[in-house]
2 protein chains.
Amino acid sequence: MPRAGLSRERLIEAAIALTEADGFVALNLAALARGFGVKLASLYAHVRNVDDLKAEVALNALRRLADMVDEAIAGRAGRDALYAYAEAQRDFALVHPGLFEAARHPLSEEIAMQSAGVRIARASRAVFRSYALDDADQVHATRLLGSFLLGFVLLERSGSFAHSAPEAADSWARGLESLHMAISGWAEKDSKQ
Amino acid sequence: MPRAGLSRERLIEAAIALTEADGFVALNLAALARGFGVKLASLYAHVRNVDDLKAEVALNALRRLADMVDEAIAGRAGRDALYAYAEAQRDFALVHPGLFEAARHPLSEEIAMQSAGVRIARASRAVFRSYALDDADQVHATRLLGSFLLGFVLLERSGSFAHSAPEAADSWARGLESLHMAISGWAEKDSKQ
DNA sequence: GCAAAAAACTAAGTGTATTAGGATAAAAAC
DNA sequence: GTTTTTATCCTAATACACTTAGTTTTTTGC
(Lines give C-alpha, C1' and ligand atoms only; values in the text may rest on other atoms or scores of the structure.)
Protein backbone atom coordinates (compact mmCIF):
# COMPACT_ATOMS: atom_id res chain seq x y z
CA MET A 1 0.00 0.00 0.00
CA PRO A 2 1.25 3.48 -0.81
CA ARG A 3 1.82 5.90 2.03
CA ALA A 4 -0.55 8.62 3.08
CA GLY A 5 2.23 11.19 3.27
CA LEU A 6 1.51 12.44 6.73
CA SER A 7 3.54 15.10 8.44
CA ARG A 8 3.06 17.29 11.47
CA GLU A 9 2.24 20.21 9.22
CA ARG A 10 -0.39 18.36 7.22
CA LEU A 11 -1.96 17.07 10.42
CA ILE A 12 -2.20 20.53 11.88
CA GLU A 13 -3.60 21.83 8.64
CA ALA A 14 -6.26 19.12 8.60
CA ALA A 15 -6.99 19.73 12.27
CA ILE A 16 -7.62 23.38 11.51
CA ALA A 17 -9.93 22.48 8.64
CA LEU A 18 -11.82 20.07 10.88
CA THR A 19 -12.09 22.74 13.57
CA GLU A 20 -13.47 25.24 11.09
CA ALA A 21 -15.95 22.73 9.75
CA ASP A 22 -17.23 21.05 12.89
CA GLY A 23 -15.99 23.13 15.82
CA PHE A 24 -13.08 22.75 18.19
CA VAL A 25 -14.96 20.22 20.34
CA ALA A 26 -15.23 17.91 17.34
CA LEU A 27 -11.47 17.88 16.87
CA ASN A 28 -10.03 14.48 17.74
CA LEU A 29 -7.33 12.17 16.49
CA ALA A 30 -9.69 9.41 15.41
CA ALA A 31 -11.59 11.71 13.04
CA LEU A 32 -8.32 13.02 11.70
CA ALA A 33 -7.00 9.51 11.06
CA ARG A 34 -10.20 8.61 9.22
CA GLY A 35 -9.78 11.67 7.06
CA PHE A 36 -6.34 10.51 6.00
CA GLY A 37 -7.43 6.89 5.60
CA VAL A 38 -4.88 5.90 8.17
CA LYS A 39 -4.91 4.05 11.47
CA LEU A 40 -5.26 6.13 14.59
CA ALA A 41 -1.99 5.00 16.11
CA SER A 42 -0.10 6.17 13.05
CA LEU A 43 -0.65 9.78 13.97
CA TYR A 44 1.57 9.41 17.01
CA ALA A 45 4.64 9.50 14.82
CA HIS A 46 3.90 13.15 14.09
CA VAL A 47 2.03 14.39 17.14
CA ARG A 48 2.74 13.80 20.82
CA ASN A 49 -0.92 13.46 21.80
CA VAL A 50 -4.30 15.13 21.35
CA ASP A 51 -3.45 18.10 23.44
CA ASP A 52 -0.30 18.74 21.46
CA LEU A 53 -2.49 19.00 18.38
CA LYS A 54 -5.12 21.12 20.09
CA ALA A 55 -2.49 23.51 21.37
CA GLU A 56 -1.14 23.83 17.84
CA VAL A 57 -4.60 24.66 16.50
CA ALA A 58 -5.09 27.14 19.32
CA LEU A 59 -1.80 28.87 18.50
CA ASN A 60 -2.76 29.07 14.86
CA ALA A 61 -6.16 30.52 15.71
CA LEU A 62 -4.52 33.16 17.90
CA ARG A 63 -2.14 34.01 15.09
CA ARG A 64 -4.96 34.49 12.61
CA LEU A 65 -6.95 36.58 15.04
CA ALA A 66 -3.88 38.70 15.81
CA ASP A 67 -3.29 39.22 12.11
CA MET A 68 -6.83 40.43 11.60
CA VAL A 69 -6.62 42.74 14.58
CA ASP A 70 -3.26 44.18 13.61
CA GLU A 71 -4.40 44.86 10.11
CA ALA A 72 -7.66 46.39 11.30
CA ILE A 73 -6.09 48.96 13.58
CA ALA A 74 -3.15 49.82 11.33
CA GLY A 75 -3.15 53.55 10.62
CA ARG A 76 -6.08 54.26 12.92
CA ALA A 77 -6.31 56.03 16.25
CA GLY A 78 -8.86 56.90 18.91
CA ARG A 79 -12.46 55.90 18.40
CA ASP A 80 -11.70 54.66 14.92
CA ALA A 81 -9.06 52.28 16.20
CA LEU A 82 -11.24 51.01 19.03
CA TYR A 83 -14.06 50.18 16.66
CA ALA A 84 -11.72 48.53 14.19
CA TYR A 85 -10.21 46.43 16.97
CA ALA A 86 -13.54 45.37 18.37
CA GLU A 87 -15.19 44.65 15.03
CA ALA A 88 -12.22 42.59 13.92
CA GLN A 89 -12.58 40.32 16.92
CA ARG A 90 -16.33 39.98 16.64
CA ASP A 91 -16.10 39.32 12.91
CA PHE A 92 -13.51 36.66 13.51
CA ALA A 93 -15.72 34.97 16.07
CA LEU A 94 -18.73 35.02 13.77
CA VAL A 95 -16.89 33.93 10.62
CA HIS A 96 -14.65 31.33 12.30
CA PRO A 97 -16.55 30.11 15.35
CA GLY A 98 -14.45 26.98 15.62
CA LEU A 99 -11.18 28.87 15.58
CA PHE A 100 -12.57 31.33 18.07
CA GLU A 101 -13.25 28.47 20.47
CA ALA A 102 -9.77 27.16 19.77
CA ALA A 103 -8.24 30.52 20.59
CA ARG A 104 -9.69 30.19 24.09
CA HIS A 105 -8.08 26.81 24.66
CA PRO A 106 -5.96 27.04 27.81
CA LEU A 107 -2.25 27.02 27.09
CA SER A 108 0.68 26.53 29.40
CA GLU A 109 2.33 29.59 30.88
CA GLU A 110 5.40 29.68 28.67
CA ILE A 111 3.57 28.79 25.49
CA ALA A 112 0.94 31.46 26.09
CA MET A 113 3.62 34.06 26.69
CA GLN A 114 5.11 33.43 23.26
CA SER A 115 1.80 33.08 21.47
CA ALA A 116 0.09 35.64 19.26
CA GLY A 117 -2.16 36.30 22.24
CA VAL A 118 0.31 38.86 23.50
CA ARG A 119 0.18 40.54 20.10
CA ILE A 120 -3.58 40.94 20.51
CA ALA A 121 -3.10 42.45 23.96
CA ARG A 122 -0.38 44.71 22.59
CA ALA A 123 -2.72 45.90 19.85
CA SER A 124 -5.31 46.84 22.44
CA ARG A 125 -2.75 48.79 24.42
CA ALA A 126 -1.72 50.58 21.26
CA VAL A 127 -5.34 51.57 20.69
CA PHE A 128 -5.52 53.10 24.13
CA ARG A 129 -2.17 54.77 23.87
CA SER A 130 -3.84 56.74 21.11
CA TYR A 131 -6.45 57.75 23.69
CA ALA A 132 -3.59 59.38 25.61
CA LEU A 133 -3.96 57.06 28.58
CA ASP A 134 -1.11 56.39 30.96
CA ASP A 135 0.28 52.86 31.27
CA ALA A 136 -1.96 51.66 34.07
CA ASP A 137 -5.07 52.99 32.39
CA GLN A 138 -4.10 51.35 29.12
CA VAL A 139 -4.19 48.06 30.97
CA HIS A 140 -7.49 48.84 32.66
CA ALA A 141 -9.01 49.86 29.35
CA THR A 142 -7.68 46.74 27.65
CA ARG A 143 -9.27 44.58 30.30
CA LEU A 144 -12.53 46.47 30.17
CA LEU A 145 -12.82 46.25 26.42
CA GLY A 146 -11.49 42.69 26.30
CA SER A 147 -14.01 41.53 28.88
CA PHE A 148 -16.88 43.15 27.03
CA LEU A 149 -15.77 41.69 23.71
CA LEU A 150 -15.36 38.17 24.97
CA GLY A 151 -18.53 38.16 27.02
CA PHE A 152 -20.63 39.70 24.30
CA VAL A 153 -19.49 37.27 21.64
CA LEU A 154 -20.03 34.28 23.92
CA LEU A 155 -23.50 35.38 24.94
CA GLU A 156 -24.43 36.28 21.40
CA ARG A 157 -23.24 32.93 20.06
CA SER A 158 -24.99 31.01 22.82
CA GLY A 159 -28.27 32.59 21.84
CA SER A 160 -28.72 34.58 25.02
CA PHE A 161 -29.61 37.70 23.06
CA ALA A 162 -31.94 36.00 20.64
CA HIS A 163 -35.13 36.35 22.63
CA SER A 164 -35.34 39.94 23.74
CA ALA A 165 -36.62 42.78 21.66
CA PRO A 166 -33.67 44.94 20.50
CA GLU A 167 -31.26 43.37 18.03
CA ALA A 168 -27.97 42.13 19.41
CA ALA A 169 -26.23 44.36 16.87
CA ASP A 170 -27.84 47.42 18.46
CA SER A 171 -26.60 46.45 21.89
CA TRP A 172 -23.17 45.92 20.41
CA ALA A 173 -23.08 49.42 18.95
CA ARG A 174 -24.46 50.85 22.17
CA GLY A 175 -21.88 49.05 24.29
CA LEU A 176 -18.96 50.04 22.13
CA GLU A 177 -19.99 53.66 22.06
CA SER A 178 -20.40 53.70 25.82
CA LEU A 179 -16.98 52.20 26.35
CA HIS A 180 -15.48 54.70 23.96
CA MET A 181 -17.04 57.61 25.79
CA ALA A 182 -16.15 56.28 29.21
CA ILE A 183 -12.53 55.58 28.37
CA SER A 184 -12.18 58.89 26.54
CA GLY A 185 -13.02 60.51 29.83
CA TRP A 186 -10.04 58.87 31.49
CA ALA A 187 -7.62 60.80 29.31
CA GLU A 188 -8.19 64.15 31.00
CA LYS A 189 -7.29 62.88 34.43
CA ASP A 190 -4.26 61.11 32.99
CA SER A 191 -2.92 64.21 31.27
CA LYS A 192 -3.20 66.20 34.50
CA GLN A 193 -0.44 64.33 36.27
CA MET B 1 -25.59 -7.47 49.24
CA PRO B 2 -27.32 -4.42 50.67
CA ARG B 3 -28.38 -1.68 48.27
CA ALA B 4 -26.64 1.58 47.79
CA GLY B 5 -29.85 3.54 48.01
CA LEU B 6 -29.48 5.52 44.83
CA SER B 7 -32.06 7.95 43.59
CA ARG B 8 -32.16 10.70 41.04
CA GLU B 9 -31.93 13.27 43.82
CA ARG B 10 -28.93 11.68 45.49
CA LEU B 11 -27.18 11.36 42.14
CA ILE B 12 -27.72 15.01 41.34
CA GLU B 13 -26.56 15.96 44.80
CA ALA B 14 -23.37 13.93 44.39
CA ALA B 15 -22.87 15.34 40.92
CA ILE B 16 -23.01 18.84 42.34
CA ALA B 17 -20.51 17.95 45.04
CA LEU B 18 -18.20 16.46 42.43
CA THR B 19 -18.55 19.56 40.29
CA GLU B 20 -17.69 21.79 43.21
CA ALA B 21 -14.70 19.67 44.13
CA ASP B 22 -13.15 18.91 40.76
CA GLY B 23 -14.87 21.17 38.24
CA PHE B 24 -17.67 20.63 35.77
CA VAL B 25 -15.36 19.01 33.24
CA ALA B 26 -14.54 16.29 35.77
CA LEU B 27 -18.20 15.39 36.13
CA ASN B 28 -18.91 11.97 34.61
CA LEU B 29 -21.00 8.95 35.37
CA ALA B 30 -18.08 6.62 35.98
CA ALA B 31 -16.67 8.79 38.76
CA LEU B 32 -20.11 9.11 40.26
CA ALA B 33 -20.65 5.33 40.22
CA ARG B 34 -17.28 4.83 41.93
CA GLY B 35 -18.30 7.28 44.61
CA PHE B 36 -21.39 5.23 45.38
CA GLY B 37 -19.55 1.92 45.14
CA VAL B 38 -21.89 0.89 42.37
CA LYS B 39 -21.52 -0.26 38.79
CA LEU B 40 -21.67 2.37 36.09
CA ALA B 41 -24.66 0.84 34.35
CA SER B 42 -26.70 1.01 37.54
CA LEU B 43 -26.94 4.76 37.27
CA TYR B 44 -29.09 4.49 34.19
CA ALA B 45 -32.07 3.51 36.31
CA HIS B 46 -32.10 7.05 37.70
CA VAL B 47 -30.63 9.20 34.97
CA ARG B 48 -31.28 9.16 31.23
CA ASN B 49 -27.64 9.80 30.29
CA VAL B 50 -24.69 12.03 31.10
CA ASP B 51 -26.21 15.07 29.56
CA ASP B 52 -29.38 14.66 31.55
CA LEU B 53 -27.25 14.82 34.68
CA LYS B 54 -25.15 17.72 33.43
CA ALA B 55 -28.26 19.70 32.58
CA GLU B 56 -29.57 19.06 36.07
CA VAL B 57 -26.34 20.34 37.61
CA ALA B 58 -26.44 23.35 35.31
CA LEU B 59 -29.99 24.16 36.38
CA ASN B 60 -29.03 23.87 40.01
CA ALA B 61 -26.04 26.14 39.51
CA LEU B 62 -28.24 28.73 37.82
CA ARG B 63 -30.69 28.53 40.70
CA ARG B 64 -28.00 29.13 43.28
CA LEU B 65 -26.55 32.00 41.31
CA ALA B 66 -29.99 33.52 40.88
CA ASP B 67 -30.62 33.21 44.61
CA MET B 68 -27.41 35.04 45.42
CA VAL B 69 -28.15 37.76 42.90
CA ASP B 70 -31.73 38.25 44.06
CA GLU B 71 -30.68 38.50 47.64
CA ALA B 72 -27.84 40.86 46.81
CA ILE B 73 -29.97 43.43 45.02
CA ALA B 74 -32.96 43.23 47.34
CA GLY B 75 -33.74 46.66 48.71
CA ARG B 76 -31.07 48.40 46.66
CA ALA B 77 -31.29 50.76 43.72
CA GLY B 78 -29.03 52.60 41.30
CA ARG B 79 -25.29 52.33 41.69
CA ASP B 80 -25.73 50.35 44.87
CA ALA B 81 -27.82 47.73 43.12
CA LEU B 82 -25.48 47.51 40.16
CA TYR B 83 -22.48 46.85 42.38
CA ALA B 84 -24.36 44.31 44.45
CA TYR B 85 -25.47 42.50 41.30
CA ALA B 86 -22.00 42.45 39.80
CA GLU B 87 -20.19 41.48 42.98
CA ALA B 88 -22.64 38.68 43.63
CA GLN B 89 -21.86 37.14 40.27
CA ARG B 90 -18.11 37.54 40.56
CA ASP B 91 -18.13 36.18 44.10
CA PHE B 92 -20.12 33.19 42.97
CA ALA B 93 -17.63 32.52 40.18
CA LEU B 94 -14.66 32.76 42.52
CA VAL B 95 -16.17 30.74 45.37
CA HIS B 96 -17.85 28.09 43.20
CA PRO B 97 -15.78 27.90 40.00
CA GLY B 98 -17.18 24.49 39.12
CA LEU B 99 -20.78 25.61 39.43
CA PHE B 100 -19.98 28.74 37.48
CA GLU B 101 -18.77 26.57 34.61
CA ALA B 102 -21.88 24.45 34.98
CA ALA B 103 -24.09 27.51 34.76
CA ARG B 104 -22.68 28.13 31.29
CA HIS B 105 -23.55 24.66 30.06
CA PRO B 106 -25.73 25.00 26.96
CA LEU B 107 -29.35 24.07 27.60
CA SER B 108 -32.15 23.42 25.18
CA GLU B 109 -34.43 26.27 24.26
CA GLU B 110 -37.43 25.30 26.41
CA ILE B 111 -35.36 24.23 29.38
CA ALA B 112 -33.38 27.47 29.35
CA MET B 113 -36.56 29.50 29.20
CA GLN B 114 -37.81 27.95 32.43
CA SER B 115 -34.45 27.98 34.18
CA ALA B 116 -33.30 30.39 36.85
CA GLY B 117 -31.29 32.05 34.09
CA VAL B 118 -34.28 34.21 33.28
CA ARG B 119 -34.43 35.24 36.94
CA ILE B 120 -30.86 36.48 36.67
CA ALA B 121 -31.72 38.46 33.57
CA ARG B 122 -34.83 39.82 35.28
CA ALA B 123 -32.74 40.93 38.23
CA SER B 124 -30.46 42.87 35.91
CA ARG B 125 -33.42 44.57 34.28
CA ALA B 126 -34.73 45.49 37.70
CA VAL B 127 -31.39 47.10 38.50
CA PHE B 128 -31.60 49.24 35.41
CA ARG B 129 -35.22 50.10 35.91
CA SER B 130 -33.96 51.82 39.02
CA TYR B 131 -31.67 53.82 36.71
CA ALA B 132 -34.85 55.14 35.08
CA LEU B 133 -34.07 53.54 31.74
CA ASP B 134 -36.75 52.71 29.22
CA ASP B 135 -37.36 49.09 28.23
CA ALA B 136 -34.98 48.93 25.31
CA ASP B 137 -32.19 50.56 27.27
CA GLN B 138 -32.73 48.17 30.15
CA VAL B 139 -31.98 45.37 27.73
CA HIS B 140 -28.95 47.14 26.28
CA ALA B 141 -27.61 47.82 29.75
CA THR B 142 -28.23 44.23 30.81
CA ARG B 143 -26.27 42.98 27.83
CA LEU B 144 -23.46 45.46 28.38
CA LEU B 145 -23.07 44.62 32.04
CA GLY B 146 -23.59 40.90 31.46
CA SER B 147 -20.95 40.80 28.76
CA PHE B 148 -18.45 42.62 30.94
CA LEU B 149 -19.16 40.38 33.91
CA LEU B 150 -18.84 37.14 32.02
CA GLY B 151 -15.78 38.18 30.05
CA PHE B 152 -14.01 39.59 33.06
CA VAL B 153 -14.54 36.54 35.19
CA LEU B 154 -13.43 34.19 32.42
CA LEU B 155 -10.31 36.17 31.68
CA GLU B 156 -9.50 36.58 35.35
CA ARG B 157 -9.93 32.87 36.02
CA SER B 158 -7.88 31.88 32.99
CA GLY B 159 -4.99 33.93 34.31
CA SER B 160 -5.03 36.51 31.55
CA PHE B 161 -4.79 39.34 34.07
CA ALA B 162 -2.12 37.76 36.21
CA HIS B 163 0.88 39.12 34.37
CA SER B 164 0.31 42.82 33.93
CA ALA B 165 1.00 45.44 36.55
CA PRO B 166 -2.29 46.67 38.02
CA GLU B 167 -4.27 44.20 40.10
CA ALA B 168 -7.25 42.57 38.46
CA ALA B 169 -9.38 43.89 41.32
CA ASP B 170 -8.47 47.46 40.37
CA SER B 171 -9.55 46.89 36.80
CA TRP B 172 -12.76 45.37 38.08
CA ALA B 173 -13.56 48.45 40.15
CA ARG B 174 -12.59 50.69 37.28
CA GLY B 175 -14.75 48.82 34.83
CA LEU B 176 -17.78 48.77 37.07
CA GLU B 177 -17.52 52.44 37.83
CA SER B 178 -17.20 53.25 34.14
CA LEU B 179 -20.25 51.20 33.28
CA HIS B 180 -22.20 52.84 36.08
CA MET B 181 -21.33 56.31 34.84
CA ALA B 182 -21.99 55.47 31.22
CA ILE B 183 -25.35 53.87 31.85
CA SER B 184 -26.36 56.64 34.24
CA GLY B 185 -25.95 58.98 31.32
CA TRP B 186 -28.55 57.09 29.32
CA ALA B 187 -31.28 58.03 31.76
CA GLU B 188 -31.48 61.68 30.75
CA LYS B 189 -32.15 60.90 27.15
CA ASP B 190 -34.73 58.29 28.15
CA SER B 191 -36.66 60.65 30.40
CA LYS B 192 -36.91 63.23 27.62
CA GLN B 193 -39.25 61.15 25.51
C1' DG C 1 21.35 -3.31 -4.19
C1' DC C 2 21.70 -2.65 0.88
C1' DA C 3 21.50 -0.52 5.21
C1' DA C 4 19.35 2.94 7.95
C1' DA C 5 15.59 5.81 8.95
C1' DA C 6 11.02 6.86 8.98
C1' DA C 7 6.13 5.68 8.12
C1' DA C 8 2.44 3.15 8.98
C1' DC C 9 0.43 -1.11 11.03
C1' DT C 10 -1.09 -4.64 14.45
C1' DA C 11 -2.01 -5.65 19.06
C1' DA C 12 -3.23 -4.62 23.57
C1' DG C 13 -4.74 -1.85 27.43
C1' DT C 14 -7.37 2.16 29.56
C1' DG C 15 -11.36 5.06 30.26
C1' DT C 16 -16.15 6.73 29.44
C1' DA C 17 -20.90 6.07 27.67
C1' DT C 18 -24.74 3.26 26.51
C1' DT C 19 -28.10 -0.69 25.83
C1' DA C 20 -30.11 -5.25 26.84
C1' DG C 21 -31.37 -8.66 29.72
C1' DG C 22 -31.06 -11.17 34.14
C1' DA C 23 -30.92 -11.69 39.30
C1' DT C 24 -32.61 -10.21 43.63
C1' DA C 25 -33.63 -7.26 47.42
C1' DA C 26 -37.25 -4.50 49.00
C1' DA C 27 -41.91 -3.04 48.94
C1' DA C 28 -46.73 -3.84 48.18
C1' DA C 29 -50.71 -6.73 48.04
C1' DC C 30 -53.18 -10.22 49.72
C1' DG D 1 -46.69 -13.91 56.80
C1' DT D 2 -46.53 -15.40 52.46
C1' DT D 3 -46.75 -14.15 47.70
C1' DT D 4 -46.43 -11.09 44.04
C1' DT D 5 -44.62 -7.29 42.01
C1' DT D 6 -41.57 -3.62 41.40
C1' DA D 7 -37.52 -1.45 41.06
C1' DT D 8 -32.62 -1.74 42.02
C1' DC D 9 -28.50 -3.25 40.84
C1' DC D 10 -25.64 -6.46 38.21
C1' DT D 11 -23.33 -8.86 34.21
C1' DA D 12 -22.30 -8.76 29.54
C1' DA D 13 -21.53 -6.66 25.29
C1' DT D 14 -20.82 -2.71 22.07
C1' DA D 15 -19.01 1.64 20.67
C1' DC D 16 -15.56 5.28 20.64
C1' DA D 17 -11.45 7.85 21.84
C1' DC D 18 -6.63 7.87 23.58
C1' DT D 19 -2.17 5.83 24.26
C1' DT D 20 2.02 2.66 24.25
C1' DA D 21 4.86 -1.11 22.49
C1' DG D 22 6.53 -3.71 19.14
C1' DT D 23 6.57 -5.06 14.12
C1' DT D 24 6.39 -4.67 9.15
C1' DT D 25 7.31 -2.02 5.13
C1' DT D 26 8.34 1.73 2.35
C1' DT D 27 11.78 5.36 1.39
C1' DT D 28 15.96 7.24 1.13
C1' DG D 29 20.90 7.65 1.22
C1' DC D 30 25.05 5.48 0.39
Side-chain angles (χ1 to χ4, degrees), chain A residues 1-60 98 101-102 104-108 111, chain B residues 1-61 98-99 101-102 104-108 111:
Chain A
M1 336 152 179
R3 293 223 161 142
L6 298 187
S7 71
R8 186 174 175 85
E9 286 67 36
R10 290 196 61 192
L11 280 185
I12 294 173
E13 202 181 316
I16 292 170
L18 191 72
T19 298
E20 293 215 65
D22 301 345
F24 193 58
V25 289
L27 173 58
N28 64 63
L29 293 178
L32 221 56
R34 279 192 294 272
F36 279 103
V38 141
K39 294 294 174 181
L40 173 54
S42 306
L43 303 187
Y44 284 81
H46 309 280
V47 160
R48 267 195 305 285
N49 49 38
V50 188
D51 213 65
D52 179 26
L53 189 72
K54 286 187 176 172
E56 211 65 68
V57 172
L59 288 172
N60 197 284
E101 288 175 70
R104 301 211 53 247
H105 182 68
L107 297 171
S108 78
I111 306 259
Chain B
M1 333 151 182
R3 296 228 157 136
L6 298 186
S7 72
R8 184 174 176 86
E9 287 66 37
R10 290 196 60 191
L11 280 185
I12 294 172
E13 203 180 315
I16 292 169
L18 192 71
T19 298
E20 292 214 65
D22 302 346
F24 193 59
V25 289
L27 173 59
N28 64 64
L29 293 179
L32 220 56
R34 277 192 296 272
F36 279 102
V38 141
K39 294 294 174 179
L40 173 53
S42 306
L43 303 187
Y44 283 81
H46 309 279
V47 159
R48 267 196 306 285
N49 50 38
V50 188
D51 213 64
D52 179 24
L53 189 73
K54 285 187 178 172
E56 212 63 68
V57 173
L59 287 173
N60 198 283
L99 292 183
E101 288 175 70
R104 301 212 53 249
H105 182 70
L107 297 172
S108 78
I111 306 261

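All of these numbers come straight from a predicted model, not from anything done at the bench. FYI, side chains are in, hydrogens and waters are out, and symmetry mates aren't considered; it's all heavy atoms of this structure. Within every chain, numbering begins at 1; the chains are lettered A, B, ... in the order of the sequence lines, protein sequences first and strands thereafter.
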### Message
Is there a side-chain contact between Leu43(B) and Val38(B) in this structure, where contact means two heavy atoms from C-beta onward sitting under 4.5 Å apart?
### Response
yes

### Task
Begin from the C-alpha positions of Leu53(B) and Leu32(B) and carry the test side-chain contact (heavy atoms from CB on, under 4.5 Å) through to its verdict.
CA-CA 11 Å; Leu53(B) 189 73; Leu32(B) 220 56; 3.5 Å; yes

### Query
Under 4.0 Å between a side-chain N or O of Ser42(A) and OP1 or OP2 of dC9(C)?
yes

### Glu20(B) and Ile16(B), any side-chain heavy atoms less than 4.5 Å apart
yes

### Task
State which residues pass ring-ring contact (aromatic ring centres under 6.0 Å, His included) with His46(B); sequence neighbours excluded, sorted by chain then number.
none

### Short side-chain N/O contact from His46(A) to OP1 or OP2 of dA8(C), under 4.0 Å
yes

### Message
For DNA chain C, which residues of residues 31-40 of chain B approach it to below 4.0 angstrom with any heavy atom?
### Response
Arg34(B), Leu40(B)

### Query
What are the two closest non-hydrogen atoms of His105(B) and Asp51(B), and how far apart are they?
NE2-OD1, 3.6 Å

### Message
What is the distance, to the nearest angstrom, from the CG atom on Asn28(A) to the C1' atom on dT16(C)?
### Response
14 Å

### Message
Using a strict heavy-atom distance below 4.0 Å, which residues from residues 10-22 of chain B are in contact with DNA chain C?
### Response
none

### Query
When the distance from OH of Tyr44(B) to C1' of dA7(D) is rounded to whole Å, what number comes out?
19 Å

### Task
Could you tell me which non-hydrogen atom of Ala31(B) sits nearest to which non-hydrogen atom of Leu18(B), and how far apart they are?
CB-CD2, 4.1 Å

### Chi angles and distances behind the side-chain contact (heavy atoms from CB on, under 4.5 Å) call for Asn60(A), Val57(A)
CA-CA 5 Å; Asn60(A) 197 284; Val57(A) 172; 5.6 Å; no

### Query
Taking C-beta and beyond as the side chain, do Arg104(A) and Phe24(A) meet within less than 4.5 Å on heavy atoms?
no

### Atom-to-atom span, CZ of Arg48(A) to P of dC18(D) - whole angstrom
16 Å

### Query
Is Ala41(B) touching bases, backbone alone, or none of the nucleic acid, heavy atoms closer than 4.0 Å?
base

### Query
Which value, rounded to the nearest 0.5 Å, describes the distance between Leu107(A) atom CG and Glu56(A) atom CD?
10.0 Å

### Task
Please determine, for the side chain of Leu29(A), which listed nucleotide (dC9(C), dT16(C), dC18(D)) has the closest atom?
dC18(D)

### Nearest to side-chain heavy atoms of Asn49(A), which nucleotide of dT16(C), dT19(D), dA17(D)
dT19(D)

